[in-house]
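What you see below is based on every heavy atom in this structure, not just the backbone, and it leaves out hydrogens, waters and symmetry mates. Along the sequence shown, residues are numbered consecutively beginning with 1.
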Amino acid sequence: MKVALLELRRRPWRFAPAVVALVLLTALLLTLGGLLDGLYDGFTGALRAQPGALVTYAADAKLSVLRSRIDAATTAQVERVPGVEQVGGLGTVLLGAKVPGQSTEASVALFGYQRAPRGVPAPPEAIGQVYADTSLTAYGVKTGDTLLLGPKRYPVSVVGWVSDTNFVLQGGLWGTVDTWREALGSARPDQVLAPGTYQVLTVSTTAGADPTRVAAAIDAATGGKTQTVTRSFAVDSLPGIKQQRSTFNAIIDTTFFVAALVVALFFVLLTIERLGMYAVFKAIGASSGQLFGQVVLQAVVITVVSFVLGALLALAVASVIPPQVPLQLSAGRAIEVVVGLVVMSTLGSAISLRRVVRIDPATAIS
């Protein structure tokens, strides 16, 4: 093992090709993972933050918040279902927002809510006041700003901040139900809703109740006018979420495979170059396992060094990307990448095992 580390220290240039390739692959993996995480959070934050285990839609809405409409009579039926503890109405409208002093409009999702989502305070005291998601600071939004929403420029005032509450990549604004109704009526007069009508309901179940059974009971009680699903199912049902994740994960998996191929090819060539040296080691008593351990150790060391350099490169790239791009570099993703690279590099270096085992020590004196 000391020989392996000594070679890395004295002849680092020998490993430069593998390091350069792995640095670029690391930066690519971190950037792709950051984009995947940022897109997922930006699409789903508002639903993931909702209280309660269940979300109730209108049956004909096909699990679309924007198309769903649930009237007051249906809400009352849901509240009477055994196993239901608390019900809250929720509505949203997607609009452009004129930000003071900015030439570019921000895309926002204005929510009216009865029950406070995770990390969101109780509804503001006054109509026209909203809590803004911190992502909107990228568009120049500040506390106290009056944003003008939609074609009729409905005014709302930012009174505080929340985080991870965006919806379909639109910055979240959270206000009273009346604020949402007025903004919806201003921007889309043909979609004005009757009092007591919401788009979806968030439903909390009583302690010990099975959410799946409660969901079925709700839909039965409303005579099939609703479709009730778990919150996680509602999140996964947002348009494009599954396809987005599967596409990015396929690219990430392919990149890990390429990393294994890079390490495998490099160490196979390096092993061929070292055949004479390995034969000498075997002649003086070194086992195949010890020699192979040196190969694996070198593969792990250059992978860890490459990860550090690649992470710095990814951070540099993130610093120059416009803040509107949903790139989210996280410690969890970094740990996943470094573990994956170490595993794939170890597997890649194992390709040279066959050549190490077949080395004949007699060639050292031939």
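L90 is connected to Y131 through a chain of hydrophobic side-chain contacts under 4.5 Å among Ile, Leu, Val, Met, Phe, Trp and Tyr, so both are in one cluster. Residue V325 is grouped with residue L315 when hydrophobic side chains (ILVMFWY) are merged at heavy-atom distances under 4.5 angstrom, including chains of intermediate members. Put simply, L201 and Y57 are part of two different groups of oily side chains (I, L, V, M, F, W, Y) that touch within less than 4.5 Å, one to the next. Neither I70 nor V229 shares a network with the other; the hydrophobic side chains, linked directly or stepwise wherever heavy atoms of I, L, V, M, F, W or Y lie under 4.5 Å apart, form separate groups for each. The hydrophobic cluster containing F111 does not contain I127, counting ILVMFWY residues as joined when their side-chain heavy atoms lie under 4.5 angstrom apart, directly or transitively.
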request  = Before giving the answer on side chain to side chain donor-acceptor pair (under 3.5 Å), spell out for D178 and T176 the whole-Å C-alpha distance, their side-chain angles and the decisive distance to 0.1 Å.
outcome  = CA-CA 5 Å; D178 288 334; T176 65; 5.2 Å; no

task = Before giving the answer on side chain to side chain donor-acceptor pair (under 3.5 Å), spell out for Y154 and E182 the whole-Å C-alpha distance, their side-chain angles and the decisive distance to 0.1 Å.
result = CA-CA 8 Å; Y154 179 81; E182 289 188 4; 2.8 Å; yes

key: Derivation of the side-chain contact (heavy atoms from CB on, under 4.5 Å) call for T143 and V159   = CA-CA 6 Å; T143 303; V159 297; over 6 Å; no

task = Run the numbers on F248 and D253 for side-chain contact (heavy atoms from CB on, under 4.5 Å), then give the verdict.
result = CA-CA 9 Å; F248 270 85; D253 291 344; over 6 Å; no

inquiry  = Determine whether V93 and R188 satisfy the following criterion, side-chain contact (heavy atoms from CB on, under 4.5 Å), listing intermediate values before the conclusion.
reply    = CA-CA 9 Å; V93 58; R188 302 188 176 95; 2.7 Å; yes

message = As a quick check of understanding, evaluate side chain to side chain donor-acceptor pair (under 3.5 Å) for D219 and Q227, giving each step before the final call.
response = CA-CA 6 Å; D219 295 340; Q227 182 177 3; over 6 Å; no

request  = Begin with the C-alpha distance, continue with both residues' side-chain angles, and end with the deciding distance and a verdict on side-chain contact (heavy atoms from CB on, under 4.5 Å) for L39 and Q328.
outcome  = CA-CA 9 Å; L39 287 169; Q328 181 178 306; over 6 Å; no

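Residues S135 and N166 share a closest heavy-atom pair of OG-ND2, 2.9 Å. The nearest pair of heavy atoms linking L29 to I252 is CD2-O, 3.6 Å. Across every non-hydrogen atom of F256 and V337, the tightest pair is CE2-O, 3.7 Å. Closest heavy-atom contact between D145 and G140: OD2-O, 3.7 Å. Pairing each heavy atom of L30 with each of A334, the nearest pair is CD2-CA, 3.8 Å. Among all heavy-atom pairs drawn from L329 and G34, the shortest one is CD2-CA, 4.3 Å.
Taking the side chain as every heavy atom from C-beta outward, V65 and F167 approach each other to under 4.5 Å. Within the 4.5 Å cutoff, the side chain of F43 has no heavy atoms near those of the Q170 side chain. Within the 4.5 Å cutoff, the side chain of T26 has no heavy atoms near those of the L309 side chain. Looking at V84 and T205, their side chains never come closer than 4.5 Å, going by heavy atoms from C-beta outward. In this structure, the side chains of L22 and V263 come closer than 4.5 Å at one or more pairs of heavy atoms. Side-chain contact between T75 and V87 is present, with heavy atoms from C-beta onward closer than 4.5 Å. You'll find the side chain of T179 stays beyond 4.5 Å of the side chain of Q129, heavy atoms only. Contact of the V78 side chain with the T222 side chain is registered, since non-hydrogen atoms from C-beta on lie closer than 4.5 Å.
Evaluated for a side-chain contact (heavy atoms from CB on, under 4.5 Å) with V108, the options T92, L136, V130, V99 yield exactly one hit, L136. Of the residues L95, L110, L173, the one that meets the side-chain contact (heavy atoms from CB on, under 4.5 Å) test with L147 is L173.
The backbone N or O of S64 sits nowhere less than 3.5 Å from a side-chain atom of S68 that would complete a donor-acceptor pair. Side-chain atoms of Q114 come within 3.5 Å of backbone N or O of G89 as a donor-acceptor pair. Not one N or O on the side chain of S163 forms a donor-acceptor pair closer than 3.5 Å with the backbone of T134. At least one donor-acceptor pair closer than 3.5 Å links the side chain of R231 to the backbone N or O of Q50.
Classification of K242 and D236 as a salt-bridged pair fails, no side-chain N sitting under 4.0 Å from a carboxylate O.
Remark: R181 qualifies as a cation-pi partner of Y198 under the 6.0 Å distance and 45° angle criteria applied to the six-membered ring.
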Taking only distance into account, with no hydrogens and no angle test, what donor-acceptor pairs under 3.5 Å do side-chain atoms of residues 338-345 form with protein atoms, sequence neighbours excluded?
| from | atom 1 | to | atom 2 | distance (Å) |
| --- | --- | --- | --- | --- |
| S345 | OG | T303 | OG1 | 2.8 |
| S345 | OG | L341 | O | 2.7 |

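Centroid-to-centroid, the aromatic rings of W174 and Y113 come within less than 6.0 Å.
R115 and S204 form a side-chain donor-acceptor contact under 3.5 Å, judged by distance and modelled atom types alone. Judged purely by distance below 3.5 Å, without hydrogens or angles, the side chains of T197 and D71 never pair a donor atom with an acceptor atom.
Remark: R213 CZ is loosely packed, at most 12 non-hydrogen atoms of other residues, nucleotides or ligands lying under 6.0 Å away.
Partners of T44 according to the side chain to side chain contact (heavy atoms under 4.5 Å, CB included) rule, which considers only residues two or more places apart in sequence or in another chain, are Y40, R48, V235, L238, I241.
Atoms CG and CD, on L35 and Q244 in that order, are 9.5 Å from each other to the nearest 0.5 Å.
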